[in-house]
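One structure is given here, and the rest of the page talks about it.
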Amino acid sequence: MATPGGAPAPAGDNLRRLTDLYRMMVRIRTFEETALEAYKLGEIPGPLHVSFGQEAIPAGVCASLRQDDRLTSNHRGHGHALAKGADAATMYLELYGRDGGYCRGKGGSMHIADFSVGMLGANGVVAGGLAIAVGAAQGLKLLKSDAIAVCMFGDGATNRGPFLEALNWAAIYTLPVLFVCEDNGVAAHTETRTVTAGDGPAARANAIGVPAVTIDGNDAVTVDETVARLVADVRAGRGPRMIHAMTDRWSGHTATDAAAWRDPKKVEAAKTRCPIARLKSVLIERGLAPAVLEEIGTAARNEMHAGRAAANAAPWPSVPSAYDDVQSVGAVSGGR
Amino acid sequence: MATPGGAPAPAGDNLRRLTDLYRMMVRIRTFEETALEAYKLGEIPGPLHVSFGQEAIPAGVCASLRQDDRLTSNHRGHGHALAKGADAATMYLELYGRDGGYCRGKGGSMHIADFSVGMLGANGVVAGGLAIAVGAAQGLKLLKSDAIAVCMFGDGATNRGPFLEALNWAAIYTLPVLFVCEDNGVAAHTETRTVTAGDGPAARANAIGVPAVTIDGNDAVTVDETVARLVADVRAGRGPRMIHAMTDRWSGHTATDAAAWRDPKKVEAAKTRCPIARLKSVLIERGLAPAVLEEIGTAARNEMHAGRAAANAAPWPSVPSAYDDVQSVGAVSGGR
Amino acid sequence: MSANPTSDITLVDAGRLAVLQEMRRDPTVWVLGEDVGRGGLWGQYRGLLDEFGPERIVSTPISESTIMGAGLGAALVGTRPIIEMRMFDFVMCAMDELVNQIAKVRYMFGGQAKPAVVVRMPHGMWRNSAAQHSQMLEAWFAHLPGVVVVCPSNAEDEAGLLVSAIRSDDPVLFFDPKDLWTAPGQITDGEIAPIPFGKARHARKGDALTIVTWSAVTPNVLTAADQLARDGINVDVFDLRTIWPWDQDAVAASLARTKRLLVVHEAVEVGGFGAEIIATMIDRLGPAAIKVAKRLGAPRIPVPFAPPLENEVRITRLSAPCPGDSATSPRGHRGAAQGNE
Amino acid sequence: MSANPTSDITLVDAGRLAVLQEMRRDPTVWVLGEDVGRGGLWGQYRGLLDEFGPERIVSTPISESTIMGAGLGAALVGTRPIIEMRMFDFVMCAMDELVNQIAKVRYMFGGQAKPAVVVRMPHGMWRNSAAQHSQMLEAWFAHLPGVVVVCPSNAEDEAGLLVSAIRSDDPVLFFDPKDLWTAPGQITDGEIAPIPFGKARHARKGDALTIVTWSAVTPNVLTAADQLARDGINVDVFDLRTIWPWDQDAVAASLARTKRLLVVHEAVEVGGFGAEIIATMIDRLGPAAIKVAKRLGAPRIPVPFAPPLENEVRITRLSAPCPGDSATSPRGHRGAAQGNE
Ligand SMILES: Cc1ncc(C[n+]2csc(CCOP(=O)(O)OP(=O)(O)O)c2C)c(N)n1
Ligand SMILES: Cc1ncc(C[n+]2csc(CCOP(=O)(O)OP(=O)(O)O)c2C)c(N)n1
Ligand SMILES: [Mg+2]
Ligand SMILES: [Mg+2]
């Protein structure tokens, strides 16, 4: 979805752009459905966090980004990586821990990164990406680049100190950062509203000095339009902005979490707000041929199944590679 | 100033209460003037942070507290300790690092504590007292005490993560905490406004969910009245409150800091806002006999000079005592 | 181990029973941490909310600094908090509160403060969790004055050491071994007795070699010791249980007999607590009294994700100088823990 | 030391000149930290704002987590930040960023990230600063994969090691010795040459004993060595300069000759890096090749405030097994540093 190097296409009532958005959302959904299926069969080790219901946000955010814009992510980062331009098959290799994966098998799902497309990494620490994002923006500014930094985080992260520090930091140095809070209402096994006081992330951001808006994060069109506007502000040097995007997490915290405590009615209600179904009706309304929609689904399935199959068949990284990439000076070698 | 165990006297136009406030402020000022003089003569080791110009805040805050209320402080804590009821002579012993000091010579100025009057300690880490204060409040609530916790910190602390976390925490558990931000406009060698975005500490607190007011912290009467009202709210179980008290720091960051970078005009202007002079005129206007004011000054000087002299003559702690109070199990003994 | 009747139990449940017992005994004991109201990430607090309510089983925001610092504040007014940190790695978000505050208040304030907190920090590798969810840095805290450092390796010790931790007036850093949560074990029926800090468990007896170990690698060490015993080589194995204080006397007495020392820990070997044990023994007994002193720990690399790479970091075999160079069985109990991270 | 002409200089200025030289050489080098625009707490950046402006000498809010994390982020886009932490103790507010992020990104992302940061952390005792402003925990970071750990003890090394640190693609943890900021020293005139990591300074030569040391205690060790030399006892002294990597070969070669090892560090002895040195040497040479292996470090207590108590923690004398048991002179250069904390 990122348009490498070039200017973003204008947002708004543009069928081609909305179709691209849709395609990205379907790819994210299909990537994770496929990964979850594989996970349940024991093909994928380690923790796996899927984001069913949240796809409009990464797709809508990255539609206005260039490849040289940088993005920091959190533990739920598949969508962020795909939308920023990472390759699904290489991601599967990493999820499987195989040779050729993005992190050479050292990271797994929770540490997906593709620096070549500006994706600076998923992060296993809640709010861990905030300071990194503002620093990336500060570095870009020092280098006189007009690339920007984008920071994706959940509602749970707004109760950690780095939220305050990083937003204040971005504001005082007028840094080119777009903060994006994906508010799915839950943090692990807790409803976030039960542990969050005040008027929410946008109110906090505004008070700290970062202009923020709350939007319906399940409406890809709204996300796209809002981001396009704010990215223009940020890129023009007007300082940081924040989007607080309301959304839903349909599934448990991890792939092994049944989330039995959640009210099934609420989860069902969330599914009626599916961002993909919603954009689909918009596209149909605007006259996109059903065959195109069908084709998008088929292509995504084929892409993901091929990626999965290749990953499942790929060799493990060599054991000596465990000793690579620790540090240049003072690295130890294998064999203890 | 703390009225041990009993209910606080009502705030407002009460000459006796204002005289007590004045006495405390004079004692704080005189304590620190005496300490600074001693410091410059090399009598006191370690770092020393004085608070000339800020005396109305600790005096006004503690006037409404009970002895069993708990207070956490920061690096600039002499006034907090005295106002909470600590003994000046024992404080001097600690500043001098002598036997019989509050911390048995292990803490010094930056770690003054007197748990017997609810003063839970000065703190060498900016914002270090915030989490401790909310925890103290939570513990008091669990123990079904109606004591409250008070947390003193500077404007510099509002840019550290614990500010966000602790305020949110206090709000979600409806804890009995009064947060007090002493805003002297500077943090070490930096003007805080140059590194702080948004509309200031009170706006941040309100957005996080802690009702906050900004007041003139150099007006002891205002401080006293505001605190009395908010402490009543907090003690009644209505949840945390914050006071953002504007004040001035006349001197450098530490006793050895000449603060040459500061605009001398601004410092002179700050001195015209002296909280002690201001309360003095109120008292005179309301008819307090000048002899009483004189007597307060003399008593404070005598108290502090006696404390200083005693500390200067006191023995050092014994060297083996260096090994005391580390831990009960797993402590090492002297002699290496 | 005990003459009294015992019950089969997993380590996670043994810990839960210890908390339950102490919370019933002492109304000032309480728990704070993320998701503890739902039983904790690992089920170590399952059911406690129902009995003790949300004022004593306090589910918190994701605010590690404040979880740690609030625990301290609550201790300073006379309660006994169990600070649940979910995973050790997240303690890095709360190090000021742990290192500069909890470990220091008692000393810095000349004995006025009683920081009677237990900090529970499940640590170590677990299911390919990679570099940010697998660390073992217990050695750091032996180097930090003011704290007790507990590293249980089995259900019985988890329970007894946790009871001691909760009753202790010292800050106790309690490293639950994540990889052993569901390992089967036994505890003695009836009241869980406290196990004193600083007393090693003499897990196997022999004269050929002294092995010192702790935490999640201990079962592997014991398996290896059993295999050696079948070959007629009997080794002395000490499970330290606590690395500060640690049972120097027991290790020194054994080493005086065997003259061969091997320290096995799953943490990185460089700068690990194994070095301290060797240096202390060399100092105490003199180099001349010792024939061999070796360590077996992880290489100095972050913990990687992919199974064959992670296995390279795990201590799944004992190498020299252990006679017979036998391989232990791989971990068999990594399946069923509740943890959903 | 050098054949070239030298100039007298304090350690703080030597460090400042190194930063100045590298900032002139490489426009991607910049500094962030509290009050650095005013020269830094210790004057280590004095005057740099004037030359490089506020975009390269960035005074920050009191936001340690973000100072550290932003430094990393800026490195990931290709700049070379010097992250100034004011005092080591405050790094405890930024440990997630240091331990879970900076030390891990390169590995965890399979080599994609280049965390070329220098983290400057003035450490150790200084003017009775008490428990929260005096810590030395450098040993922790030798145990942490992914970082280089530098502990200079004099002006020349401060400058040369800082140049290496700034040019390094690894995260370099640079422990400025607070107590030596104003200690007089010399540096070679002209361009400051990088000093390689992992190469000890062979500071005194002798056969009686091998002493290994680093950081602020080094001058005391050298004074003691000089006194011993006057008594005809010549000791081999190695100032490690960097404790990860460290110069095992030099120490092993010396020890093979002297058979006596003493490690002196000002950090707490228990769990300090001295243990690692002893354990490594015992492993490498075998216990039989060594007659004595001892450590001299601080007792396991927080650093107290009062001068006579703080002195008990300082290494101001060398005790056994150093023949002659002589007392070194007390520190003489604690007066004039700018630091106003
Ligand atoms: C500092 C830290 N604390 C706790 C965790 C465990 N954890 C992982 S994800 C998560 C919930 C995060 O919630 P949110 O930020 O809303 O993201 P979401 O999972 O809803 O996408 C928690 C508590 C962690 N990884 N890091
Ligand atoms: C976490 C931390 N960072 C930095 C410091 C160094 N320091 C001590 S006081 C201070 C300034 C604090 O400013 P403020 O909170 O406004 O209090 P004030 O000194 O103005 O009373 C700084 C930066 C510290 N002690 N702790
Ligand atoms: Mg969420
Ligand atoms: Mg201030």
Side-chain angles (χ1 to χ4, degrees), chain B residues 45-47 49 75 94 96-99 101 103-111 123-128 154 156-162 187-190 192 194-197 252-259 261 316-326 330-336, chain D residues 34-41 54 58-67 86-87 89-90 92-94 96 126-134 268-270 295-313 315 317 319-320 334-341:
Chain B
H49 302 85
H75 55 286
E94 188 57 37
Y96 277 76
R98 302 304 167 95
D99 203 22
C103 309
R104 307 181 64 199
K106 285 169 176 149
S109 160
M110 204 160 46
H111 303 298
N123 205 310
V125 178
V126 169
T158 65
N159 289 327
R160 277 206 63 227
H189 315 290
T190 293
T192 313
T194 63
V195 289
T196 310
H253 174 45
T254 64
T256 56
D257 172 22
W261 58 273
W316 296 110
S318 76
V319 170
S321 77
Y323 297 85
D324 294 346
D325 294 321
V326 177
V332 297
S333 54
R336 294 183 193 150
Chain D
E34 298 157 14
D35 293 321
V36 295
R38 292 203 204 287
L41 183 62
V58 179
S59 287
T60 69
I62 309 175
S63 303
E64 279 76 9
S65 304
T66 304
I67 297 170
R86 192 177 192 112
M87 292 220 185
D89 311 75
F90 308 150
M92 294 301 110
C93 304
D96 174 54
W126 182 77
R127 284 189 179 176
N128 307 98
S129 298
Q132 291 178 332
H133 286 62
S134 304
V268 165
E269 187 171 303
V270 171
R295 296 174 283 169
L296 179 60
R300 191 176 177 277
I301 62 177
V303 178
F305 164 71
L309 304 186
E310 195 198 57
N311 282 345
E312 181 65 9
V313 182
I315 307 302
R317 53 179 191 277
S319 61
R334 294 168 51 208
Q338 152 165 357
N340 286 307
E341 200 68 2

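The chains referred to below are lettered A, B, ... by the order of the sequence lines, with proteins before strands, and numbering in each begins at 1.
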Checklist entry - Less than 4.5 Å apart, any side-chain heavy atom of D:Glu312 and any of B:Tyr323? => result yes
Checklist entry - Of the non-hydrogen atoms in B:Ala187 and D:Asp35, which two are nearest, and what is the gap between them? => result O-OD1, 4.3 Å
Next on the checklist: What part of D:Thr66 gets within 4.5 angstrom of chain B, counting heavy atoms only: side chain, backbone, both, or neither?
Outcome noted: neither
Item to check | Passing option when D:Pro61 is tested against B:Thr158, B:Val195, B:Thr196 for side chain to side chain contact (heavy atoms under 4.5 Å, CB included) | outcome: B:Val195
Checklist outcome for this item: Interface check, chain B: of D:Met92, D:Gln132, D:Arg300, most non-hydrogen pairs under 4.5 Å belong to D:Gln132
Checklist entry - Side-chain donor-acceptor pair under 3.5 Å between B:Asn159 and D:Ser63, yes or no? => result no
Checklist entry - In terms of heavy-atom proximity below 4.5 Å to chain D, should B:Asn123 be classed as side chain, backbone, both, or neither? => result both
Checklist entry - If you count heavy-atom pairs under 4.5 Å with chain B, which of D:Gly37, D:Pro307, D:Ser65 comes out on top? => result D:Pro307
Checklist outcome for this item: Residues B:Val319 and D:Pro308: closest non-hydrogen pair is CG2-O, 4.1 Å
Item to check | Residues which pass ring pair (Phe, Tyr, Trp, His ring centres under 6.0 Å) with B:His111, listed by chain and number, not counting sequence neighbours | outcome: none
Item to check | Point-to-point distance, once rounded to the nearest 0.5 Å, from NZ of B:Lys106 to CD1 of D:Ile301 | outcome: 7.5 Å
Item to check | Region of B:Val125 in contact with chain D, defined by heavy-atom distances below 4.5 Å | outcome: both
Item to check | Among the listed options B:Gly156, B:Gly107, B:Gly161, the residue most often paired with chain D at heavy-atom distances under 4.5 Å | outcome: B:Gly107
Checklist entry - Could you give the distance from CE (B:Met110) to CZ (D:Phe305), rounded to the nearest 0.5 Å? => result 9.0 Å
Item to check | Heavy-atom closest pair, residues D:Ser129 and B:Pro47 | outcome: CA-CD, 4.1 Å
Next on the checklist: Which atoms of B:Arg104 are under 4.5 Å from chain D, going by heavy atoms: the side chain, the backbone, both sets, or neither?
Outcome noted: backbone
